Amino acid sequence: MTEQTAPDTARPGGAGRREGAGVRAGLFTRSFGPPPGTGGTTVVLVHGLGLSGRYFTPLARRLAANGATVLVPDLPGNARSRAAARRMPDVERAADALARWHRRLSPGPSLLAANSVGCQVAAALAVRHPRLVRRLVLLGPALEPGVSGLRHCGRLLADAPREPLSLLGVAATDYLLTGPLRFAASLRHALRDAAGAFEGHLARVAAPTLVIRGTGDTIASHAWIRHAARLVPDGRAVDVPGAAHAAHHSAPEAVARLIEEFTAEETEEPEETEETEETGTEAAEA
């Protein structure tokens with residue numbers, strides 16, 4: 001695929017608040033704030049099942065307004081990165097592809113924040129490529145182990161009326177871009193990961209981890225969120241009152257504040273850890 005990078009466009013209201021979108025390092029990427037490596041925190045936002053990074057825009061703009069570099073890729077096979085994969089990658093292959101993208105755009109560690117099924121990809125990346133993750137934020141992590149695909153679909157339908165209409169429009173467009181066959185393939189991969197590797201990955205995450213849940217979330221249950229936070233050696237859970245599954249979209253100020261407070265707790269660079277990549281993962285291209 002030919003890479004075409006759209007030029008950054010300056011947002012009104014101040015230097016350094018810039019936005020751009022285009023194919024970068026093989027994936028369609030939205031960028032907000034100063035370029036990577038300019039001294040501020042780099043935040044990578046990872047979207048959920050069948051979606052794109054568009055629904056992160058309110059949160060990304062809020063974080064960039066305070067000086068963070070925010071990078072928001074469409075995962076391979078999804079939406080505007082559909083052509084980046086011939087077939088839908090499983091969770092670990094998606095994590096490895098995201099790691100390759102990360103190294104090309106920002107070789108240093110970042111704060112990795114993910115929503116929903118994106119949390120499975122983020123957890124796998126944090127374990128397989130630990131040097132890339134300084135801190136981890138999981139927003140409504142899904143899929144919940146032990147819950148059938150049919151029940152998850154029911155939970156998704158129950159969540160929809162609780163979300164802003166603006167989010168539903170974005171999601172509908174993204175699902176059409178991704179396509180039903182790829183959505184179904186992603187769901188199968190996510191269910192398989194939830195039944196097997198997801199909890200094990202969480203238990204092996206070395207980075208400090210914040211698990212965030214909207215109190216109205218019907219997809220990620222209160223009990224599961226608390227369990228997920230306990231699995232991570234340095235994990236904790238917090239609620240966003242009144243928000244549903246996509247708290248980052250409906251309550252970007254509250255979520256950004258939690259992320260910034262979590263980032264501010266870091267007083268020194270984390271110790272470097274050895275990569276735990278399996279032989280051949282870097283060569284695995286979806």
Side-chain angles (χ1 to χ4, degrees), residues 36 40-48 53 56 59-60 63 68-73 75 91-92 94-99 101-103 105-145 190 193-194 197-214 220 224-240 245-248 255-277:
T41 300
T42 297
V43 180
V44 174
L45 303 178
V46 184
H47 64 77
F56 276 120
L59 175 62
L63 292 170
T69 298
V70 186
L71 301 173
V72 192
L75 293 174
V91 167
E92 292 189 346
D96 292 339
L98 187 61
W101 166 90
H102 190 303
R103 287 191 181 94
L105 292 187
S106 179
S110 67
L111 184 145
L112 186 64
N115 171 241
S116 195
V117 171
C119 295
Q120 294 178 250
V121 176
L125 190 153
V127 170
R128 295 164 71 84
H129 308 273
R131 290 183 179 177
L132 295 179
V133 183
R134 174 171 283 133
R135 290 190 166 229
L136 183 63
V137 176
L138 305 177
L139 296 151
L143 298 171
E144 183 175 337
D193 184 78
F198 190 19
E199 289 179 289
H201 284 152
L202 290 172
R204 293 166 57 199
V205 170
T209 300
L210 179 66
V211 185
I212 300 175
R213 176 183 181 267
W224 157 241
I225 293 298
R226 266 53 192 175
H227 175 66
R230 287 194 298 270
L231 283 173
V232 181
D234 188 3
R236 78 186 81 159
V238 64
D239 292 329
V240 177
H245 189 56
H248 58 278
V255 172
R257 187 162 51 251
L258 288 170
I259 290 174
E260 288 167 350
E261 290 172 354
F262 181 54
T263 304
E265 294 173 5
E266 188 176 27
T267 57
E268 58 183 17
E269 291 294 315
E271 294 182 5
E272 289 192 353
T273 57
E274 290 297 321
E275 290 273 16
T276 57
E277 302 166 17

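None of these values were measured; they are calculated from a predicted model.
Taken from CG in Leu139 to CG in Leu210, the straight-line distance is 8.0 Å, to the nearest 0.5 Å. Taken to the nearest 0.5 Å, the CZ atom of Arg257 stands 9.0 Å off from the CD atom of Glu260. Once rounded to the nearest 0.5 Å, the distance linking CZ of Arg103 with CG of Leu98 reads 10.5 Å. Atom CG in Leu125 sits 8.0 Å away from atom CG in Asp96 (nearest 0.5 Å).
For the pair His47/Val72, no side-chain contact is recorded, criterion being any heavy-atom separation below 4.5 Å from C-beta on. Leu132 is not listed as a side-chain neighbour of Ser110, based on a closest heavy-atom distance of 4.5 Å or more. The side-chain heavy atoms of Phe56 and Val70, taken from C-beta on, include no pair separated by under 4.5 Å. Phe262 places none of its side-chain heavy atoms less than 4.5 Å from the side chain of Ile212. Side-chain contact check for Leu111 versus Arg134: every heavy-atom pair is 4.5 Å or farther apart. You'll find the side chain of Leu258 reaches within 4.5 Å of the side chain of Val240, heavy atoms only. Looking at Leu71 and Pro36, their side chains come closer than 4.5 Å, going by heavy atoms from C-beta outward.
Pairing each heavy atom of Leu45 with each of Ala60, the nearest pair is CD1-CB, 4.1 Å. The shortest non-hydrogen separation linking Ala114 to Cys119 is O-SG, 3.3 Å. Across every non-hydrogen atom of Ser116 and His245, the tightest pair is OG-NE2, 2.8 Å.
When atom types are taken as modelled, the side chain of Glu199 and the backbone of Leu231 share no donor-acceptor pair closer than 3.5 angstrom. Here the side chain of Asn115 pairs no donor or acceptor atom with the backbone of Gly48 at under 3.5 angstrom. The backbone N or O of Pro141 lies less than 3.5 Å from a partner atom in the side chain of Trp224, making a donor-acceptor pair. A side-chain donor-acceptor contact under 3.5 Å links Arg213 to the backbone of Ala220. Between the side chain of Thr263 and the backbone N or O of Ile259 there is at least one donor-acceptor pair closer than 3.5 Å.
Remark: Arg236 does not engage Glu261 in a salt bridge, criterion side-chain N to carboxylate O under 4.0 Å. Ion pair Arg135/Asp234 not flagged as a salt bridge, since none of the NZ, NE, NH1 or NH2 atoms sits closer than 4.0 Å to an Asp/Glu carboxylate oxygen.
Residues satisfying the side chain to side chain contact (heavy atoms under 4.5 Å, CB included) criterion with Val232, sequence neighbours excluded, are Leu202, Val205, Thr209. Among residues two or more places apart in sequence or in another chain, the side chain to side chain contact (heavy atoms under 4.5 Å, CB included) test is passed with Pro107 by none.
Side-chain atoms of His201 and Glu92 include a donor-acceptor pair closer than 3.5 Å.
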